[in-house]
Structure formats: structure tokens, C-alpha cells
Visitor: 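Starting off with a structure, shown below.
As the structure lists them, so they are numbered: ligands from 1, and atoms in each ligand from 1. Just the heavy atoms: all of them, side chains too, but no hydrogens, waters or symmetry mates, feed the values below.
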Amino acid sequence: MERTQVAIIGGGPAGMLLSHMLHLDGIDSVVLERQTRDHVLKRIRAGVLEYGTVKLLREVGLGERMEREGHAHDGTWIAWENRRPFLIDTKRHTGKQMWSFGQTAITEELYRVRARDGGRVIDDVRQVTLHDLTGERPWIGFERNDKTQRLECEFVAGCDGHHGVSRNGIPKERLRTFERAYPFGWLGIMSETPPLGDIMYAQHSRGFALASQRNPMLSRYYIQCDLATDPDEWPDERFWEELKLRFPPDIAHKIVTGPSVEKSIAPLRSFVSEPMSYGRLFLAGDSAHIVPPTGAKGLNLAVSDVYYLHRALIAQIKRSDGRYLERYSETALRRVWNAERLSWQLTQLLHVFPDDDDFTRRVRLDEFDYLQSSTAAQAALAEQYVGLPFE
Ligand code: APR
Ligand code: PHB
């Protein structure tokens with residue numbers, strides 16, 4: 001039997017950041033992770049950080065590698081077929097910059113600082129079960145190396161992603177879920193080539209494309225694809241050729257190609273589950289909500305949830321002040337829904353849908369033209385793209 005103040009289910013960015021931030025305030029936690037360490041550290045995910053995420057990572061001592069390997073951007077470009085490219089200019093409209101820095105590197109950093117500080121992270125656990133969530137002493141059952149174990153705690157943080165078990169700890173009749181599945185995916189590659197200077201979305205009648213980056217010698221590119229696409233049918237040459245067709249020729253011509261070091265398909269989905277708490281269980285990150293990658297909000301939402309949850313747990317544990325915990329779900333969900341709407345809106349704007357008709361295409365074009373011509377529309381988009389401030 002083990003004991004801790006906060007049991008954290010899931011060792012992704014949400015769980016590990018929470019564990020690190022609690023430690024900085026002298027609160028003990030144990031992280032239970034289903035996968036092996038190797039698996040967790042190799043996962044490739046999005047890599048654009050909102051201003052608030054960058055600020056928070058710096059404040060908790062995780063800024064150094066981000067400054068060294070990442071890159072600040074004044075905004076993100078939209079290259080629209082047969083139109084002038086448009087910059088979502090976060091610097092101009094909000095005074096804030098975004099940052100390119102991969103989630104894979106952030107996860108590595110989190111594991112490094114938790115190991116340095118003696119954090120307890122138990123990998124490769126099976127059969128995680130949550131108990132007595134509405135009592136004073138919740139506990140977690142799990143198996144490791146075929147042995148059944150028990151972790152007693154004061155609070156449970158469900159940070160186990162979309163396919164985790166924590167969300168099921170909330171009785172079905174209390175849960176309300178909202179979702180949308182999009183009829184396409186993104187085929188992504190990573191290549192050890194110098195990226196374009198900017199992050200750039202491409203809207204094109206052949207489908208959406210995206211040029212992004214991780215560091216000065218690591219580029220990330222995506223193209224919209226059919227859900228049934230087999231990555232093996234996309235050798236590198238075919239990918240590069242298709243990618244270049246979707247960008248305006250003068251930009252396509254600047255893309256430096258090379259062998260891919262990773263290639264995979266991600267489906268696009270929006271999902272929110274409310275509320276994000278039940279008794280002493282609090283959900284954070286993908287366990288409560290997912291967004292399509294358009295807008296790169298996933299990791300940023302995990303970070304804002306953790307910001308709110310950490311503040312609430314500290315108030316409760318250190319000052320017996322439960323007001324933040326009581327309002328954790330509604331506070332976190334306000335930001336979640338803004339990001340849900342923004343990523344849905346950008347997905348609608350930038351992709352080709354199978355049932356698009358002429359009217360839809362024309363309205364979409366008008367939305368882009370309006371954005372090009374209206375400073376008010378530009379400011380509204382920039383404010384949400386850079387991320388609403390934490391409350
Ligand atoms: N028990 C323990 N751990 C589990 C369980 C379980 N039953 N189920 C899942 N996990 C682990 C997963 O193996 C994973 O390491 O929980 C972790 C959840 O991590 P993420 O999926 O990365 O979710 P989160 O930490 O909320 O981070 C959100 O990840 O999916 C991206 O776009 C998303 O960038 C965002 C970020
Ligand atoms: C990425 O770099 O992986 C990325 C960038 C922007 C997005 C989504 C993903 O909107």
C-alpha cells in the first residue's frame with residue numbers, strides 16, 4: 001500500500017506538469033502511467049504554444065530548453081489558394097507571441113525534472129480502478145508486474161487522456177458529452193530539414209496543408225487526407241509533391257524536402273465531457289476534452305486545466321479554502337469551450353469537406369476576405385489564437 005496527497009492517473013503532459021507544480025509547493029503526488037517510459041517519450045504531437053503556456057512553463061523552471069530549441073513567432077500565416085497570404089498577427093493585435101516547441105520535448109523535460117526532484121512516477125501499470133471518490137479517503141487500485149497494489153490519497157487527478165479510465169469515475173447520469181467527428185484526417189511527417197521561417201496553414205481545393213516546425217533542423221508538415229489513407233501508400237516523394245501543390249508556388253518552392261523520420265495519420269475530432277469533477281476526482285487535459293489539431297489547442301488546454309487545478313488544490317490543501325476546487329470545472333470549461341469553438345471554426349474554414357457545395361465554398365471565401373479586410377475580425381481571431389488569458 002502506498003499513500004500520497006494527490007494521486008495522478010496518466011503521465012502525459014497534464015499529469016506530469018501537475019505533479020511538478022504541486023512539488024514546487026511542497027505537495028506530494030504519485031503518477032500512475034499505463035505505458036512504458038519509452039513509449040511515452042517517443043510520442044509525437046503538436047508543437048505550438050500559446051503565450052500563456054510559454055509564460056507558465058518559464059515560471060515553473062521549464063523555459064531553458066524552450067528558449068534554446070524553440071522559436072518565437074509573431075503569428076501564423078494562412079496561405080489561401082489564389083489570394084494574398086494572411087497573417088494571424090498575434091504580436092500586432094495582442095502584443096503576445098506564440099512559440100514553436102514540440103510536446104515531445106516538453107514531456108522529456110517534465111520527466112527529467114520529476115526524476116531530478118525525486119518524483120514518484122510508476123510506469124507500466126495495469127487495471128487502474130478508482131474508489132471512494134466522494135469520501136474523505138479515495139484510493140486507486142492498480143496492477144504492476146502482476147501484483148495488485150493500492151494507492152491511498154486525498155485527491156485524484158484524472159490526466160489519463162481520451163482513452164483513460166478516470167472519466168468513467170463520474171457516474172454516467174451526471175455526465176454530458178458533446179462531440180463531432182470530422183470526415184478526414186491529417187497525414188503528418190517529420191523531416192530533419194530546415195523549416196520555413198513561419199508556421200503556415202494552406203487552404204486549397206486539393207485539401208488543407210500545414211507547414212510547421214520543432215527546431216531549426218526539424219520540420220513538421222501535414223496534409224489533409226481521407227480517413228482510410230494508408231501511410232505506406234504515401235512514400236516521401238508522393239507526400240512532398242502533394243504538399244507543394246497545396247501551397248502557393250512561391251512558398252512551395254521554399255520548402256526543403258528530405259527523408260521523413262516519422263509518418264502517421266491523426267483523425268480529427270472535437271469532444272467535451274462535462275463536468276470535469278466529481279467528489280474528489282478532477283479531470284484535466286484530454287481525459288475531459290479533445291480538439292482537432294487545427295489551432296494547436298490540445299496541449300495548451302491541458303496546461304490551462306493544470307494551472308486552475310494546481311491553484312485549487314493548493315488553496316484547499318494549504319488554506320482549507322475549497323472555493324477554487326468547487327468552481328474548477330466551470331472555470332476550466334470556459335477556456336475549453338473557447339478553444340473548442342476556435343478549432344472547430346478554423347477546421348471548417350481551412351478544410352475541404354466531402355459534402356461542400358458551391359454555396360459553402362463561396363461563404364468560406366467570404367469569411368477569408370472579411371478577415372483580410374477587417375481589423376476587428378483580425379483582432380478577434382488573434383486574441384483567441386494566442387489563447388485567452390487565465391482567469
Ligand atoms: N491508467 C494510467 N495511465 C493511463 C491510462 C490508465 N488507464 N489510460 C491512459 N493513460 C495514460 C496514457 O498512456 C498517456 O500517457 O495517460 C496519459 C495521457 O496523456 P495524453 O494523452 O498526452 O493527455 P494529456 O496529458 O491530457 O495531454 C494533452 O496530448 O493528446 C495530446 O493534443 C493533446 O497535446 C495534448 C495533450
Ligand atoms: C504542429 O506543429 O504539429 C502543429 C502546428 C499548428 C497546428 C497544429 C499542429 O495548428
Side-chain angles (χ1 to χ4, degrees), residues 7-19 30-37 39-50 53 70-71 73 76-78 88 98-104 106-107 110-111 121-130 140-144 151 157-169 186 188-190 195 198-201 208-215 218-222 262 264 266 268-269 271 283-306 339 342-343 346-347 350 385:
I8 300 177
I9 324 279
M16 293 301 288
L17 179 62
L18 179 64
S19 176
V30 172
V31 176
L32 300 177
E33 167 56 51
R34 180 170 62 182
Q35 303 285 356
T36 60
R37 184 69 50 96
H39 178 99
V40 170
L41 293 178
K42 287 219 166 94
R43 281 191 300 227
I44 293 177
R45 301 268 186 64
V48 178
L49 307 184
E50 292 177 353
T53 300
H71 200 281
H73 295 274
T76 295
W77 289 88
I78 299 178
I88 307 173
M98 317 275 298
W99 209 277
S100 280
F101 188 54
Q103 183 173 318
T104 312
I106 294 176
T107 309
L110 285 165
Y111 274 86
V121 181
I122 309 178
D123 302 305
D124 217 357
V125 301
R126 301 284 137 87
Q127 309 294 340
V128 171
T129 49
L130 284 59
I140 311 296
F142 63 98
E143 278 179 22
R144 182 138 206 287
L151 173 63
C159 303
D160 47 352
H162 188 60
H163 301 288
V165 292
S166 302
R167 193 168 62 246
N168 301 332
W186 283 12
I189 68 162
M190 195 76 95
D198 296 297
I199 304 169
M200 202 170 266
Y201 298 123
F208 167 87
L210 165 56
S212 187
Q213 52 195 265
R214 293 293 176 269
N215 65 47
L218 196 55
S219 301
R220 180 79 167 145
Y221 293 99
Y222 301 92
E262 195 263 353
S264 57
L268 272 72
R269 242 174 121 205
F271 174 87
L283 305 181
D286 276 19
S287 64
H289 42 75
I290 51 177
V291 283
T294 337
K297 291 293 179 195
L299 172 69
N300 294 293
L301 281 184
V303 169
S304 60
D305 286 354
V306 166
L342 182 74
S343 50
L346 284 174
T347 302
L350 298 172
Y385 194 77

Visitor: Who's the nearest protein heavy-atom neighbour of atom 13 (O) of ligand 1, and how far?
Guide: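 For atom 13 (O) of ligand 1, the nearest protein heavy atom comes out as E33 OE2, 2.6 Å.
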Visitor: List ligand 1 atoms under 4.0 Å from G164, heavy atoms only on the residue side.
Guide: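 The list of qualifying atoms is 8 (N).
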Visitor: Can you list the ligand 1 atoms lying under 4.0 Å from a non-hydrogen atom of R43?
Guide: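 With R43 as reference, the close atoms of ligand 1 come out as 12 (C), 13 (O), 14 (C), 15 (O).
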Visitor: Can a non-hydrogen atom of Y221 be found less than 4.0 Å from any atom of ligand 2?
Guide: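 Per 4.0 Å heavy-atom rule, Y221 does not contact ligand 2.
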Visitor: Out of V125, V40, D160, L299, who is nearest to atom 9 (C) of ligand 1 when you count heavy atoms only?
Guide: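 Shortest heavy-atom distance from atom 9 (C) of ligand 1: D160.
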Visitor: Can you check whether R144 reaches I122 side chain to side chain, under 4.5 Å on heavy atoms?
Guide: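 SC-SC contact between R144 and I122 confirmed.
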Visitor: Counting each atom of ligand 1 from 1 as listed, which ones have a heavy atom of Q35 under 4.0 Å away?
Guide: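 Atoms satisfying the 4.0 Å criterion: 13 (O).
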Visitor: Is E262 paired with R43 through a side-chain N to carboxylate O contact shorter than 4.0 Å?
Guide: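 Salt bridge: no.
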Visitor: Tell me the protein heavy atom at minimum distance from atom 6 (C) of ligand 1, and give that distance in Å.
Guide: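 Answer for atom 6 (C) of ligand 1: R34 CB, 4.0 Å.
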Visitor: To check your reading of the model: name the closest protein heavy atom to atom 21 (O) of ligand 1, its residue, and the distance in Å.
Guide: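 The closest one turns out to be R45 NH2, 3.5 Å.
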Visitor: Mind checking whether R220 has an N or O less than 3.5 Å away from an N or O of ligand 2?
Guide: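 No; the residue has no nitrogen or oxygen that sits under 3.5 Å from a nitrogen or oxygen of the ligand.
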Visitor: Closest non-hydrogen protein atom to atom 8 (C) of ligand 2, residue and atom name please, with distance?
Guide: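 The closest heavy atom on the protein side is P293 O, 3.1 Å.
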Visitor: At what distance is the nearest protein heavy atom to atom 10 (O) of ligand 2, and which residue and atom is it?
Guide: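 It is Y201 OH, 2.7 Å.
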Visitor: Is there a heavy atom of H162 sitting under 4.0 angstrom from any atom of ligand 1?
Guide: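 Checking ligand 1 against H162, which is what was asked, there is no heavy-atom contact under 4.0 Å.
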Visitor: So which protein heavy atom does atom 2 (O) of ligand 2 come closest to, and at what separation?
Guide: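 Nearest neighbour among protein heavy atoms for atom 2 (O) of ligand 2, to 0.1 Å: S212 OG, 2.5 Å.
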Visitor: In terms of residue, atom name and distance, what is the protein heavy atom nearest to atom 3 (O) of ligand 2?
Guide: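 The protein heavy atom lying closest is Y222 OH, 2.6 Å.
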Visitor: Okay, side chain of R167, backbone of S287: is any donor-acceptor separation there less than 3.5 Å?
Guide: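 Such a contact is found between R167 side chain and S287 backbone.
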Visitor: Write out the residue and atom name of the closest protein heavy atom to atom 5 (C) of ligand 2, then the distance separating them to 0.1 Å.
Guide: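 The closest heavy atom on the protein side is V48 CG2, 3.4 Å.
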Visitor: Starting from atom 26 (O) of ligand 1, which protein heavy atom do you reach first, and at what distance in Å?
Guide: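 The protein heavy atom lying closest is D286 N, 2.8 Å.
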Visitor: For atom 4 (C) of ligand 2, which of the options L210, I199, T294, T347 provides the nearest non-hydrogen atom?
Guide: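 Shortest heavy-atom distance from atom 4 (C) of ligand 2: L210.
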Visitor: Does ligand 1 have any atom that is closer than 4.0 Å to a heavy atom of A46?
Guide: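 Contact check A46 vs ligand 1: negative.
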Visitor: For G285, take its heavy atoms, then give the atoms of ligand 1 lying under 4.0 Å from any of them.
Guide: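 Matching atoms, with element in brackets: 26 (O).
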